[in-house]
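Okay, so here's the structure we're looking at.
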Protein chains: 2
Amino acid sequence: MQTKEKGRYHHGDLQTTLLRSARVLLEQDGIAALKLRAITRHAGVSATAAAPYFGNLAGLLSVLAAQGFDELTEAMSPPHAPLARDVGLAYIRFAIANPGLFTLMFRSDAINRTDAHLVAASERAFGRLAALPGPEKSGTTQAATMAARWGKAHGLAVLAIDGLLQPLTDNGDTCMTLDQLVSEAFR
Amino acid sequence: MQTKEKGRYHHGDLQTTLLRSARVLLEQDGIAALKLRAITRHAGVSATAAAPYFGNLAGLLSVLAAQGFDELTEAMSPPHAPLARDVGLAYIRFAIANPGLFTLMFRSDAINRTDAHLVAASERAFGRLAALPGPEKSGTTQAATMAARWGKAHGLAVLAIDGLLQPLTDNGDTCMTLDQLVSEAFR
DNA sequence: CCGCTGACTTTACACTGTAAAAATTACTTG
DNA sequence: CAAGTAATTTTTACAGTGTAAAGTCAGCGG
């Protein structure tokens, strides 16, 4: 269970160990498992060991969320020519692949939205979506097309994570997978 | 502060009083204020008075969420001929007008998603979005157009509540309001 | 060897939700 | 009207939670 080397009083890099423990718990049991005591217990340290590094629980989760935004940015960086559709689909697929992390990234009451690193990481990720050429609909602001694309991707991501798109996958006669549904819906 | 008539031991309809207190706290201070003790204190009763009626906190919040879905259904019921665009905009505007309630309605870890009343109320609301004729895009499943419309509306709603669309409203040279942005983005 | 600095732990406290028992009121039945 | 019963709320208690303050330990420079 404990990732800390046994017997050592000074841990070395407790910072990253705590973040990894939090990540493990998040992926295992979801956001509800992100208690400070559970994280430190998993890391093999005392309950208040995170305070010197992260201040409080929100501080730790903010760093975790910032890591999530960095990974999202990475996932939205296509190797070749990026199409708006591919980037949006990458957004949705990242959310489905990392439901707990993605949910945390938008839980304003669990993280510290004013944290500098988090703001930078999130703006980097949002920039990937914004910097793409839209379909050039006449009569629509560029901000509106950006909001439309982002909103569609984000909504499909959230609804998919919550399992609310499940009834739509086996609608009618044919049965489709979740990825097929969101791929077809996002265009 | 207390809505309970003073001196009476038996309250009469503590059920609705607790729900109203929860609603007030939710709109005043957001989801973080939905503690059981704060709700009962606001209602003027003891801390455990809600248990006989709602079982636990999740039970109370589930009823509150169900009320929210009923109000959303009402808001999405246009007086005359309903267009898909109008219903989706009503969805977004309800979320912006009731940010705390809307957020609660989709917090799966705070409410009891298997609650019968909540399931019924949410399906009633979701049915309003589904029962509309789509733009008849050739080559797309009806489930996909439904998911696309719902996802777009839901995503814009969530992003607007989180304040993430704010930077897009004053983009470039002109300055637009949030309602203008979502109205233009949702079509 | 001594003290010092940093890293972590121990202790303590104010909260939280909730289960069980007690107390209070209202109703109902004779 | 009186008394027993049922319904409703409170009191008490307990296991958790996050976090601030004080204490403890390891390693290092003098």
Side-chain angles (χ1 to χ4, degrees), chain A residues 1-22 25-26 28-65 104 107-112 115, chain B residues 1-22 25-26 28-65 104 107-112 115:
Chain A
M1 184 83 83
Q2 288 98 337
T3 52
K4 165 190 168 187
E5 298 179 21
K6 217 171 156 190
R8 295 186 57 185
Y9 196 97
H10 285 40
H11 187 281
D13 55 347
L14 184 52
Q15 206 152 327
T16 62
T17 301
L18 286 171
L19 286 172
R20 250 202 302 263
S21 290
L25 291 174
L26 175 62
Q28 272 185 1
D29 303 329
I31 271 199
L34 286 182
K35 319 274 188 191
L36 195 47
R37 282 175 141 94
I39 297 169
T40 52
R41 198 181 314 137
H42 183 274
V45 294
S46 74
T48 63
Y53 297 103
F54 303 99
N56 52 11
L57 175 60
L60 195 155
L61 299 187
S62 299
V63 178
L64 199 60
L104 176 68
R107 280 260 163 125
S108 307
D109 57 339
I111 62 181
N112 193 357
D115 179 86
Chain B
M1 183 83 84
Q2 287 98 342
T3 53
K4 164 190 169 185
E5 299 179 19
K6 215 173 157 190
R8 295 185 57 185
Y9 194 97
H10 285 38
H11 186 279
D13 55 348
L14 183 53
Q15 206 151 329
T16 63
T17 301
L18 286 172
L19 286 172
R20 248 202 302 262
S21 289
L25 291 174
L26 175 61
Q28 272 185 1
D29 302 330
I31 271 198
L34 287 182
K35 319 273 186 191
L36 196 45
R37 282 177 143 94
I39 297 170
T40 52
R41 197 182 314 137
H42 183 274
V45 293
S46 74
T48 64
Y53 297 103
F54 302 99
N56 50 14
L57 175 62
L60 194 156
L61 299 187
S62 299
V63 178
L64 199 61
L104 177 67
R107 279 260 162 125
S108 307
D109 57 339
I111 63 181
N112 193 358
D115 180 86

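Numbered from 1 within each chain, the chains take letters A, B, ... in sequence-line order.
At least one side-chain nitrogen or oxygen of A:Asn56 sits closer than 4.0 Å to the OP1 or OP2 atom of D:dT19.
In terms of heavy-atom proximity, A:Leu18 sits nearest to A:Ala43 at CD2-CB, 3.8 Å. Shortest non-hydrogen contact noted between A:Leu104 and A:Leu61 is CD2-O, 3.9 Å. Here the closest heavy-atom approach between residue A:Thr48 and residue A:Pro52 is recorded as O-CD, 3.8 Å.
To the nearest 0.5 angstrom, B:Asn56 atom CG is 7.5 Å from B:Asn112 atom CG.
Rounded to whole Å, the distance from CG on B:Leu18 to P on D:dT8 is 13 Å. Remark: C1' of C:dT16 and CG of B:Leu61 are 14 Å apart, rounded to the nearest angstrom. B:Leu60 has its CG atom 10 Å from the P atom of C:dT18, to the nearest Å. We find that CD1 of B:Ile39 is positioned 11 Å from P of C:dT18, with the value rounded to whole Å. As a whole-Å value, the separation of A:Gln15 CD from C:dG6 C1' is 14 Å. B:Asp109 places its CG atom 14 Å from the P atom of C:dG17, with the value rounded to the nearest Å. Residue A:Phe54 contributes atom CZ, which lies 13 Å from atom P of C:dA7 at whole-angstrom precision. In this structure, B:Leu25 places its CG atom 15 Å from C1' of C:dT16, rounding to the nearest Å.
Among D:dT19, C:dT18, C:dT9, the nucleotide with an atom closest to any side-chain atom of B:Leu57 is C:dT18.
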### Task
List the steps, then state whether side-chain contact (heavy atoms from CB on, under 4.5 Å) holds for B:Arg20 with B:His42.
CA-CA 10 Å; B:Arg20 248 202 302 262; B:His42 183 274; over 6 Å; no
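Residue B:Ile39 forms a side-chain contact (heavy atoms from CB on, under 4.5 Å) with just one option from B:Thr17, B:Leu25, B:Leu19, and that option is B:Leu25.
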Can you give me the N/O atom pairs linking the protein to nucleotides 10-15 of chain C at distances under 3.5 Å, or say none if there are none?
| from | atom 1 | to | atom 2 | distance (Å) |
| --- | --- | --- | --- | --- |
| C:dT10 | O4 | A:Thr48 | OG1 | 2.8 |

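Using a 4.5 Å cut-off on side-chain heavy atoms (C-beta onward), B:Gln28 and B:Leu26 make no contact.
B:Tyr53 comes within 4.0 angstrom of sugar-phosphate atoms only, judged by non-hydrogen atoms across all strands, and of no base. Across all strands, A:Ala51 comes closer than 4.0 Å to no nucleic acid atom at all (heavy-atom distances).
Nearest-nucleotide positions on DNA chain D for A:Gly55 and A:Ala38 put A:Ala38 closer to the 5' end.
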